[in-house]
Amino acid sequence: MSDKKRYLITAALPYANGPLHIGHLAGAYLSADIFARHLRLLGKEVAFICGSDEHGAAITMRAKKEGTTPQAIIDTNHGIIKDSFEKLGVSFDIYDRTSSKLHHKTASDFFTTLHEKGAFEEETSEQYYDEENNQFLADRYIVGTCPKCDHEEAYGDQCENCGSTLSPLELKNPTSKLSGNTPILKTTKHWYLPLNKEEGWLKDWIVDGKGRSEAWKKNVLGQAKSWLDSGLQPRAITRDIDWGIPVPLEGAEGKVLYVWFDAPIGYISATKKWAEENNKNWEDYWKSDDSSLIHFLGKDNIVFHSIIFPSMLKLHGDYILPTNVPANEFMNLEGQKLSTSRNWAVWVHEYLEDLPNYQDELRHTIIKYMPETKDSEFTWASYKEVVDADLVGNFANFINRVVVLTNKYFDGKVPDFVANAQVKDSKGENSTAGAELKVLEVKLKTLSEYISTYNFRSAQQTLLEISTIGNQFLQTNEPWKVFKKDKEAVKPVMNIALQIISALSVVCRPFIPFASDKMRTLLNLKAIEDNGEWKDLLDILAEGKPIIENEHQIGKPIHLFKRIPEEVINSQIEKLKNNQPKTINYEPVKKAIDFEDFMKIDLRVGTIIEAVKVKKSKKLLELKVALGFEERTIVSGIAEFYKPEDIIGQQVVVVVNLAPKKLRGVMSQGMVLMAENEEGKLDFVHPSHDFGNGFIVK
RNA sequence: UGCGGGGUGGAGCAGUAGGUAGCUCGUUGGGCUCAUAACCCAAAGGUCGUAAGUUCGAGUCUUACCCCCGCAACCA
């Protein structure tokens with residue numbers, strides 16, 4: 001860890017078009033929270049910044065679809081998200097929003113400064129415009145016929161049939177996905193950030209590590225490098241929509257800053273607001289070499305935080321560059337990708353409602369399975385397993401044992417610490433109280449080191465090792481046996497055990513803050529103010545002194561955690577499976593065609609007689625279809641839904657006069673008709689009774 | 001197709017700078033009874049995706065291939 005005086009920690013701004021789910025927590029917020037809490041406990045100056053990202057076309061479209069306003073959408077979601085973070089104990093110093101006045105001004109000024117420095121390029125071009133919706137169309141909202149392979153549903157940026165990269169202007173018969181109409185061409189002017197000019201120093205900085213004080217994670221470097229290697233392109237930073245921050249230039253009416261330009265500036269405006277409210281100077285955090293800037297995010301945001309935002313900061317001047325960009329990969333849920341549209345997620349606000357006061361349990365499980373190096377998975381079964389084993393059996397049980405024994409034998413008073421008193425260590429070897437305190441000190445340092453180097457899973461494991469050692473320590477010393485014959489000999493044992501749980505009450509805080517508070521109450525110790533308590537602990541231990549004083553009176557035993565009943569996880573799994581997609585987007589009806597056009601298509605009934613998977617492809621099956629008068633080889637993209645052996649004998653409808661087309665090296669002579677539902681699942685279209693082959697369908 | 005990540009005992013994962021293969025859960029046996037049927041000890045179980053190469057020595061480096069996941073659609 002770069003040992004700086006001040007730390008500016010950001011977590012990616014959640015997009016306010018939906019609530020928060022566990023994937024978000026796993027991606028950025030819990031790691032950031034652990035990191036920030038740890039630094040505060042070490043007595044560092046910390047600003048932990050986040051807020052809602054509230055601009056962008058997706059929000060306006062959602063508003064249109066739901067018949068409401070963008071403002072209403074962001075107000076609702078900002079409220080839910082903010083509340084979820086608070087209740088879960090994510091300790092932002094400020095959770096701001098990009099629709100705020102201050103942010104508008106900050107982003108606007110930032111743009112102006114860059115513009116005055118001549119950092120942008122202007123370019124006028126023709127773009128498709130949907131007259132019904134009064135807006136320019138993003139590439140993905142235009143479909144048409146591919147100029148290369150005549151596939152009829154190519155997108156504005158790419159044809160999924162032949163894989164070629166396209167521009168919307170190349171498409172034949174372009175159609176707006178919004179209205180189904182043919183869009184018109186309009187000229188429009190946009191400002192571009194010429195990232196290609198920044199390549200030089202970015203390479204030095206990212207690839208060679210020039211001017212960086214910390215090693216970056218492998219996945220982050222990999223992503224950033226691949227962007228650099230493929231050559232950076234100028235990126236448009238303005239858009240023709242009416243929701244966002246107006247471009248502060250003459251002749252730019254009706255244009256706004258593109259969200260990814262305005263969003264990261266949100267970190268700056270939020271810092272300003274926080275500084276104002278707390279009597280601090282925001283520039284100390286953003287413009288001083290004493291400060292370390294660390295961006296936490298999920299992998300989809302790597303390019304913005306490693307390349308684009310640093311370029312913006314550098315071009316603006318005065319700003320420091322990020323020390324590190326610790327990005328996590330993605331978390332899956334019960335074997336499947338999290339998906340907002342399919343409602344396949346554990347929503348944080350729903351979790352908090354269903355399982356109130358189980359915040360630490362969720363935090364612990366997500367940290368345990370945090371996708372630090374690769375995608376990981378959350379299952380309710382593992383949630384129960386981890387809570388029962390780690391939190392109940394190991395952690396809380398150890399604390400409970402100590403508290404019960406102390407109450408039983410010494411009326412809840414801490415017996416005296418004697419440094420050279422004889423005790424057994426966790427392995428059963430002879431040791432002294434002082435030596436055992438050293439063992440604890442070493443563990444605390446290891447734990448601290450892991451957090452500082454972004455190894456949060458290892459850190460959590462180290463935390464649990466401390467209570468494991470505690471459990472072993474009790475086992476080898478057997479105070480319940482010894483007490484019967486030698487009360488004095490039990491005193492140093494219980495003292496050490498109490499030292500350990502006192503330390504735990506502090507160092508567990510970044511992970512399970514609610515338990516930390518309960519432990520302080522239970523032990524009758526001063527409430528933690530997140531201000532150097534961990535450092536104090538290490539200082540005391542370094543002097544060989546005990547953490548909790550002799551004769552200190554602790555409270556009565558309580559259960560910090562409870563086992564998760566089987567019914568709870570069953571009902572959660574049930575709930576997940578019953579979730580239906582909330583909205584269905586029906587494809588717009590295509591343009592009318594003549595009867596003659598329709599009759600050009602020759603459809604026939606056939607039967608699949610052979611099926612094998614096409615090598616090197618995941619979607620394609622090579623089928624042999626009997627059509628009566630002949631047999632055809634047809635390649636069909638159904639491998640994800642059907643096993644080859646299961647579809648032999650299946651009757652199908654085939655387009656027999658479609659021009660042959662080579663797919664993955666196999667010539668396909670026709671097309672099997674399939675119905676596709678909103679999840680993209682495919683099913684055969686076929687006669688409802690066994691029918692001969694080769695007959696016409698009309 | 002381009003790019004990123006990965007393939008390690010039954011399951012889920014660690015393996016940092018090449019030198020006896022670790023952890024959690026599960027399984028089996030034992031111990032303890034202070035504790036939330038929690039805790040502690042021990043055992044069984046792996047040719048580290050495949051093939052070749054570098055090396056005295058490779059899970060760890062090189063090359064080829066096979067397989068899985070993700071990003072290339074403003075969902076961390």
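Hydrogens, waters and symmetry mates play no part in the numbers below; they use all other heavy atoms, side chains included. Within every chain, numbering begins at 1; the chains are lettered A, B, ... in the order of the sequence lines, protein sequences first and strands thereafter.
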Touch check for A/Ala28, heavy atoms < 4.0 angstrom, all strands: base, sugar-phosphate only, or nothing? sugar-phosphate

Roughly how far apart, to the nearest Å, are B/rG22 and B/rC34 at atom C1'? 32 Å

Want to settle it: does A/Gly56 or A/Leu560 sit nearer the 5' end of RNA chain B, counting the closest nucleotide to each? A/Leu560

At 4.0 Å (heavy atoms only), tell me whether A/Thr462 reaches a base, stays on the sugar-phosphate, or touches nothing. nothing

Give me the distance, rounded to whole Å, that separates B/rU27 from B/rA11 when you measure between the P atoms they each carry. 15 Å

Taking atom C1' in both B/rU47 and B/rA43, compute the distance separating them and give it to the nearest angstrom. 22 Å

May I ask you to test the A/Phe304-A/Phe309 pair for a side-chain heavy-atom distance under 4.5 Å? no

Sequence neighbours excluded - salt bridge (Lys or Arg N to Asp or Glu O under 4.0 Å) pairs with any residue from residues 394-403 of chain A: none

For RNA chain B, find the residues of residues 384-402 of chain A with a heavy-atom distance under 4.0 Å and give them by number; none if there aren't any. A/Glu385, A/Val392, A/Gly393, A/Ala396, A/Asn397, A/Asn400, A/Arg401

P atom, B/rG4 versus B/rA44: distance in rounded Å? 42 Å

P-based separation of B/rG70 from B/rC75 [nearest Å]: 16 Å

Identify whether any heavy atom of A/Glu377 sits under 4.0 Å from a base atom; if not, whether one sits that close to sugar-phosphate; answer base, sugar-phosphate or nothing. nothing

Side-chain contact, heavy-atom cut-off 4.5 Å: A/Phe296 with A/Tyr29? no

Quote, to the nearest angstrom, the C1' distance that separates B/rA64 from B/rU54. 15 Å

Determine, for A/Lys443 against A/Glu465, whether the closest basic-nitrogen to carboxylate-oxygen distance falls under 4.0 angstrom. yes

Protein N or O to nucleotides 6-8 of chain B N or O, pairs below 3.5 Å:
residue: B/rG6; atom: OP1; partner: A/Lys218; partner atom: NZ; Å: 3.3

The side chain of A/Asn471 lies closest to which of these nucleotides: B/rA35, B/rC39, B/rU36? B/rC39

For A/Leu338, which contact category applies under a 4.0 Å heavy-atom criterion: base, sugar-phosphate, or nothing? base

The answer to which of A/Trp480 and A/Ser376 contacts RNA chain B further toward the 5' end, by nearest nucleotide, is A/Ser376

A/Lys299, nearest nucleotide to its side chain (from B/rC13, B/rC32, B/rG70): B/rG70

Does the pair A/His295 and A/Tyr267 meet the rule for a ring-ring contact (aromatic ring centres under 6.0 Å, His included), with working shown? CA-CA 10 Å; A/His295 295 303; A/Tyr267 298 139; 5.3 Å; yes

Kindly point out which of B/rC32, B/rA35, B/rU36 is positioned nearest to the side chain of A/Glu478? B/rC32

Any chance the rings of A/Phe456 and A/Tyr450 have centres within less than 6.0 Å? no

With Watson-Crick and G-U wobble geometry limited to distances under 3.5 Å, how should the secondary structure of RNA chain B be encoded in dot-bracket form, using | for bases paired to another strand and [ ] for crossing pairs? (((((((..((((.....[..)))).(((((.......))))).....(((((..]....))))))))))))....

Where do A/Asn328 and A/Lys217 land on the side chain to side chain contact (heavy atoms under 4.5 Å, CB included) test, with the steps shown first? CA-CA 9 Å; A/Asn328 281 335; A/Lys217 287 171 69 169; 3.1 Å; yes

Below 6.0 angstrom between ring centroids: does that apply to A/Tyr95 and A/Phe92? yes

Checking B/rC71, B/rC75, B/rC32 against the side chain of A/His21 (C-beta onward), the nearest is B/rC75

Determine, for A/Lys445 against A/Glu449, whether the closest basic-nitrogen to carboxylate-oxygen distance falls under 4.0 angstrom. no

Nucleotide of B/rU33, B/rC34, B/rC39 approaching A/Leu405 most closely (side-chain heavy atoms): B/rC34

Suppose you measure atom C1' in B/rU33 against the same atom in B/rA37; what distance do you get, rounded to whole Å? 12 Å

Pick out the pairs of N or O atoms, protein on one side and nucleotides 41-45 of chain B on the other, that lie under 3.5 Å.
residue: B/rC41; atom: OP1; partner: A/Gln472; partner atom: NE2; Å: 2.8

Taking only heavy atoms on the protein side, list every residue of residues 406-414 of chain A lying under 4.0 Å from any atom of RNA chain B, sorted numerically. A/Lys408

Can A/Arg363 and A/Asp33 be counted as an ion pair, charged N to O under 4.0 angstrom? yes

Contact class for A/Leu20 vs. all strands (heavy atom < 4.0 Å): base, sugar-phosphate, or nothing? nothing

Consider the side chain of A/Tyr258, meaning its heavy atoms from C-beta on, and name the nucleotide among B/rA38, B/rC13, B/rC74 that approaches it most closely. B/rC74

Quick one: label A/Asn301 by what it contacts on the DNA or RNA (base, sugar-phosphate, nothing), any heavy atom closer than 4.0 Å. sugar-phosphate

Nearest-Å distance once atom C1' is located in both B/rA17 and B/rG7: 24 Å

